[in-house]
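A single structure is presented below for examination.
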Amino acid sequence: MDTLPVRLRNNYVKKFNTSIQFWHETGGGLDEEVIQELEEHGYQIKRNGVSNYTKKKKSRVIFIGKIPDNTDDIKSSKDIPSWKRMCYCILKNDHTCRFMGFGLTRQQQKRVDVIREKYKNLEEIEYGV
């Protein structure tokens, strides 16, 4: 991260800290199979109610211990936090950290909407639509 421009590095640090805090205090909704697999592999987790972020009202899980380096030993690791996922965001230039489950902020979404509106006729001109 030391090689990244300061603004970009600070963005990643803020996102990573938010994710770590979320997984230690609130927790993410996971399927029962994933929770069972995490427990079987010795991850230090604890249930924390029901998730408001999932349609199926999955159990929320918080990490008591450190965020794992990787979760390669878990079959469905796409929703589980790890330092590997954070590194993946950096390597793929995922500034918004969508790979980690983040969405756009209101300000970012507004910017996208303005850009789409500005260039909406470009496709019609280019493809003769």
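All values derive from a computational prediction rather than experimental measurement.
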| So among Asp72, Asp73, Asp69, which one has a salt bridge (charged side-chain N to carboxylate O under 4.0 Å, His left out) with Lys84? |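 When Asp72, Asp73, Asp69 are each tested with Lys84, the salt bridge (charged side-chain N to carboxylate O under 4.0 Å, His left out) holds only for Asp72.
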| message | Under a 3.5 Å distance rule, please check whether Ser19 uses its side chain to pair with a backbone N or O of Lys15 as donor and acceptor. | response | no
| field | Close side-chain approach of Phe16 to Arg85, heavy-atom, < 4.5 Å | value | no
| Reported OG1-to-CD distance for the pair Thr26 and Gln21, which is rounded to 0.5 angstrom |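 Rounded to the nearest 0.5 Å, the OG1-CD separation comes to 7.5 Å.
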| query | Given the rule that I, L, V, M, F, W and Y join up when any side-chain heavy atoms are under 4.5 Å apart, are Phe102 and Leu8 in one cluster? | reply |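 As far as the 4.5 Å side-chain criterion goes, Leu8 and Phe102 are connected within one cluster.
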| Transitively linked via ILVMFWY side-chain contacts under 4.5 Å: Met1 with Ile67? | yes
| Do the side chains of Trp23 and Val50 join up, straight or via other hydrophobic residues, at under 4.5 Å, putting them in one cluster? | no
| message | Could you check whether any side-chain heavy atom of Ile45 comes within less than 4.5 Å of a side-chain heavy atom of Glu39, counting everything from C-beta outward? | response |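 They are in contact (side-chain heavy atoms under 4.5 Å apart), so the answer is yes.
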| request: Keeping the roles fixed (side chain from Glu37, backbone from Lys75), state whether a donor-acceptor pair exists under 3.5 Å. | output: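 Looks like yes, one N/O pair under 3.5 Å.
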| message | Within a 6.0 Å radius of atom CH2 on Trp83, are there more than 12 heavy atoms belonging to other residues, nucleotides or ligands? | response | no
| ILVMFWY network linking Met86 to Val13, side-chain heavy atoms under 4.5 angstrom |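 Shared cluster, yes.
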| field | Enclosure of Arg111 CZ (heavy-atom neighbours >12, cutoff 6.0 Å) | value | no
| note | ring-ring contact (aromatic ring centres under 6.0 Å, His included) filter on Tyr43, not counting sequence neighbours, yields none
| task | May I have the step-by-step check of salt bridge (Lys or Arg N to Asp or Glu O under 4.0 Å) for Asp31 and Lys58, ending in yes or no? | result | CA-CA 6 Å; Asp31 288 321; Lys58 299 175 184 177; 3.2 Å; yes
| query | For Cys97, does its backbone N or O pair with a side-chain atom of Asp94 as donor and acceptor, under 3.5 Å? | reply | yes
| query | Taking the side chain as C-beta and beyond, is there a heavy-atom pair between Gln109 and Arg106 under 4.5 Å? | reply |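 No, too far: nothing below the 4.5 Å cut-off.
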| task | Count the heavy atoms belonging to other residues, nucleotides or ligands that lie under 6.0 Å from CZ of Phe99, then report whether that count exceeds 12. | result |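 Correct, the count exceeds 12.
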| So do the side chains of Ile74 and Leu38 get within less than 4.5 Å of each other, counting heavy atoms only? |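 SC-SC contact between Ile74 and Leu38 confirmed.
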| said: Treating Thr105 as the side-chain partner and Gln108 as the backbone partner, does any N or O pair qualify as donor plus acceptor under 3.5 Å? | reply: yes
| Arg98 side chain vs Gly103 backbone, donor-acceptor pair below 3.5 Å |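 Absent.
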| message | Taking CD in Glu40 as the centre, count heavy atoms belonging to other residues, nucleotides or ligands within less than 6.0 Å. Is the count above 12? | response |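 Yes, the 6.0 Å shell around CD holds more than 12 heavy atoms from other groups.
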| field | Sidechain-backbone polar pair: Asn48 side chain, Arg60 backbone, donor-acceptor under 3.5 Å | value |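 No: the side chain of Asn48 does not pair with the backbone of Arg60.
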| field | Flag, side chain of Asn11 to backbone of His95, donor-acceptor distance under 3.5 Å | value | yes
| Heavy-atom count around Gln36 CD within 6.0 Å, excluding the residue itself: above 12? |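 Not more than 12 within 6.0 Å, no.
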| message | Quick check on the hydrophobic clustering: are Ile62 and Met100 connected, directly or via other members, by side-chain heavy-atom contacts under 4.5 Å? | response | no
